[in-house]
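Single-structure report; data block below.
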Amino acid sequence: LPGVSDKEAGDFIRKYRLPLPTDLPSEIPPDPRLTDLAQKAAKAQEVAMVGNIPASKLDVLKSPGKVEEKVKLLSTLKVVGTKEVVPYILPSLADISPKVKIEAIRVLSSIGSKRDVPDLLKLAGDPIQEVAYEAVEAVKKIGYDPSLIRKEFEEGDAEIKRSAVTAAG
């Protein structure tokens, strides 16, 4: 009841000795319509497309390991990928495998935009020289806004500053 405290409701029930219903089910059975909808939603997710790539194929980029599978997919995306797949590629920039990082950088240099430059700048200071080189080259290929580099330099930590200087040339 709105506006009635638990204590007041309890006092009312005790005073008037209202019986509790005994025929209430202990568990509400699932509605088959909802179960059917959940199954349809899962099936739709499987066939959903991101650009021209099935979303289920892109899930491999989120999973740990599977380096060769990721590299193969990223190589394919470099050729047939569109800007819609970029959010799926970004986690690959943080992969533990340098092969995956390099291939993700190459994909971004092909289909990425200036919005992806800050993510690439972070890799310009990578301890693995090939990764850092590819990141700098990708930033140059995409084109960068000097004010963005300046902002990264002013606001970033020492590693970001070093990366911004490297990327700026």
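Quick caveat: nothing in here was measured; it's all calculated off a predicted structure.
- Taking P91 as the reference, nothing meets the side chain to side chain contact (heavy atoms under 4.5 Å, CB included) condition, with sequence neighbours excluded.
- I102 approaches E134 most closely through the heavy-atom pair CG2-CG, 3.9 Å.
- A continuous path of hydrophobic side-chain contacts links V79 to V71 [ILVMFWY only; heavy atoms under 4.5 Å].
- No option in K70, K66, K101 other than K70 meets the salt bridge (charged side-chain N to carboxylate O under 4.0 Å, His left out) test with D95.
- With values rounded to the nearest 0.5 angstrom, I89 atom CD1 is found 12.0 Å from I105 atom CD1.
- For the atom pair L74 CG and K72 NZ, the distance stands at 12.5 Å (nearest 0.5 Å).
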Practice problem: Test side-chain contact (heavy atoms from CB on, under 4.5 Å) on S110 and K141 and set out the steps. | Solution: CA-CA 8 Å; S110 296; K141 184 175 178 183; 4.3 Å; yes
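- A distance of 9.5 Å separates CZ in R115 from CG in L90, rounded to the nearest 0.5 Å.
- Taking 4.5 Å as the limit, some side-chain heavy atom of L108 sits within range of a side-chain heavy atom of L93.
- Heavy-atom minimum distance, D126 versus I128: OD1-N, 2.9 Å.
- Minimum interatomic distance between A135 and A124 (heavy atoms only, all atoms of both residues): CB-N, 3.7 Å.
- Between the CG atom of L73 and the CG atom of L61 there is a distance of 5.0 Å, given to the nearest 0.5 Å.
- In plain terms, the two heavy atoms of I142 and G112 that are nearest each other are CD1-C, 4.4 Å.
- Looking only at side-chain heavy atoms (C-beta outward), S109 and K78 stay at 4.5 Å or farther from each other.
- Of all heavy-atom pairs between S113 and K83, the closest is CB-NZ, 4.4 Å.
- Contact of the L77 side chain with the I111 side chain is not registered, since no non-hydrogen atoms from C-beta on lie closer than 4.5 Å.
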